[in-house]
Amino acid sequence: MNTLLENPVPILLVGVLVEAVLGVILWCTGRGAVFLAMIGVLLVVLAGVGLEWLIVTDRERIETALAGAAAALEGNPTGDDRAGMLDEYIAESARETRELVVWALNRVEFTEVRITNLEISVDRRTSPPTAKVELNGYTAFKDRKGEFPYERRLVELTMTLHRAERKRWLITDDIIWHDDPR
C-alpha cells in the first residue's frame with residue numbers, strides 16, 4: 001500500500017494500460033458506454049495520483065529531512081546557524097553525531113553534498129517510530145588544513161532516525177560512517 005502512496009508511476013501505468021485496452025474495445029465496437037468507462041478510469045487515475053500527492057508518508061518525510069540536512073551542510077553554517085542546523089536535524093541526545101558534524105564543518109568547507117543512493121526501512125513498532133537508513137553520497141569540499149589529498153569523497157553512512165514531535169525525523173547516535181577519515 002505504501003508503494004502506491006509514495007510513487008505515482010504504478011497508478012499511471014495501470015491507468016494507461018486499462019485506457020489502451022478500452023481504446024481498442026471502443027475502436028472495435030464503437031459503443032458509447034466504453035467511452036464512459038474510459039472517462040471513469042481517467043477519473044480514478046487522477047484521484048489516485050492526487051491522493052499520492054496529498055499524503056506524505058514517513059519515508060518521504062525522512063527523504064526530505066536528509067535532503068535538508070545535506071543542503072544545510074552545503075551551506076557551511078557557523079555560530080547560531082550551526083546550532084540551529086544541529087537542532088533541526090540531529091537529536092539532542094546524539095552527542096557523538098553532533099561532534100562528528102562539528103568536526104567536519106570545522107575541518108572542511110563543503111562545496112557540494114549530494115545523496116546518490118538511499119535505502120530506508122521504517123519500524124513503526126517502536127515508540128517513537130525509528131528508521132534505519134543506509135545512504136551513499138558524494139561530497140566535494142576544500143580542506144582548511146590542506147591535509148586531504150582529494151577534494152571529492154564518496155560517503156557511505158548507516159544511521160538511525162527517530163520520529164520526534166510534529167512528525168519530524170531526527171538523526172540519533174546510531175550513525176556509522178564507513179571509511180571514517182578521522
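No hydrogens, no waters, no symmetry mates; every other heavy atom, side chains included, goes into these values.
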Checklist entry - Any link between Trp27 and Leu42 through a network of hydrophobic side chains (Ile, Leu, Val, Met, Phe, Trp, Tyr) touching at under 4.5 Å? => result no
Checklist entry - Would you say Leu154 and Val133 are hydrophobically clustered, going by side-chain heavy atoms of ILVMFWY under 4.5 Å? => result no
Item to check | Sub-4.5 Å side-chain heavy-atom contact between Asn106 and Trp103 | outcome: no
Item to check | Val9: side-chain contact (heavy atoms from CB on, under 4.5 Å) partners, not counting sequence neighbours | outcome: Asn7, Leu13
Next on the checklist: For residues Trp53 and Leu51: do they belong to one hydrophobic cluster (side chain heavy atoms under 4.5 Å, members Ile, Leu, Val, Met, Phe, Trp, Tyr)?
Outcome noted: no
Checklist outcome for this item: So NZ of Lys142 and CZ of Arg144: to nearest 0.5 Å the spacing works out to 10.5 Å
Next on the checklist: Tell me whether Tyr138 at atom OH has more than 12 heavy atoms from other residues, nucleotides or ligands lying less than 6.0 Å away.
Outcome noted: yes
Checklist entry - Would Glu112 and Arg114 pass as an ion pair if we require N to O under 4.0 Å? => result yes
Checklist outcome for this item: Closest non-hydrogen atoms of Met85 and Leu105, given as atom of the first, atom of the second and distance, are CE-CD1, 3.7 Å
Item to check | Pair Lys167-Asp58, salt bridge (Lys or Arg N to Asp or Glu O under 4.0 Å): steps then yes or no | outcome: CA-CA 8 Å; Lys167 295 188 177 184; Asp58 284 334; over 6 Å; no
Next on the checklist: With heavy-atom distances below 4.5 Å as the criterion, would you say the side chains of Arg31 and Leu26 are in contact?
Outcome noted: no
Checklist entry - Hey, any chance Leu54 and Leu46 share a hydrophobic cluster, counting ILVMFWY side chains that come within less than 4.5 Å of each other, even indirectly? => result no
Item to check | Nearest-0.5 Å distance, CD1 of residue Ile115 to OG1 of residue Thr139 | outcome: 12.0 Å
Checklist entry - Roughly how far, to the nearest 0.5 Å, is CD1 of Ile90 from CE of Met159? => result 9.0 Å
Checklist entry - Is any side-chain heavy atom of Ile11 less than 4.5 Å from a side-chain heavy atom of Val44? => result no
Next on the checklist: If the threshold is 4.0 Å, N to carboxylate O, is there a salt bridge linking Asp87 and Arg98?
Outcome noted: yes
Checklist entry - Can we say Arg125 and Asp123 salt-bridge, meaning some charged N sits less than 4.0 Å from an Asp/Glu carboxylate O? => result yes
Checklist outcome for this item: Residues Trp177 and Val155: closest non-hydrogen pair is NE1-CG1, 3.7 Å
Checklist entry - Counting heavy atoms not belonging to Asn117, are there more than 12 under 6.0 Å from its CG? => result yes
Checklist outcome for this item: Closest non-hydrogen atoms of Ala131 and Ile120, given as atom of the first, atom of the second and distance, are CB-CG2, 4.4 Å
Checklist entry - Say you draw a straight line from OG1 of Thr130 to NE2 of His162; how long is it, rounded to the nearest 0.5 Å? => result 10.0 Å
Checklist entry - Are Leu161 and Thr172 close enough that some pair of their side-chain heavy atoms sits under 4.5 Å apart? => result no
Item to check | From CG (Leu66) to CH2 (Trp169), nearest 0.5 Å | outcome: 11.0 Å
Next on the checklist: Please report the interatomic distance CG(Leu135) to CD(Glu156), rounded to the nearest 0.5 Å.
Outcome noted: 9.0 Å
Item to check | Donor-acceptor pair, side chain of Arg82 and main chain of Pro77, under 3.5 angstrom | outcome: yes
Checklist entry - Taking the side chain from Thr158 and the backbone from Ile176, do they hold a donor-acceptor pair closer than 3.5 Å? => result no
Next on the checklist: Does any part of the side chain of Leu36, heavy atoms only, come nearer than 4.5 Å to the side chain of Met38, both counted from C-beta?
Outcome noted: no
Item to check | Co-membership, hydrophobic cluster, residues Leu170 and Tyr89, 4.5 Å side-chain | outcome: no
Checklist entry - Is a side-chain donor or acceptor of Arg163 paired with a backbone partner of Arg168 at a separation under 3.5 angstrom? => result no
Checklist entry - Between Glu134 and Glu119, is there a donor-acceptor pair closer than 3.5 Å when you use the side chain of the first and the backbone of the second? => result no
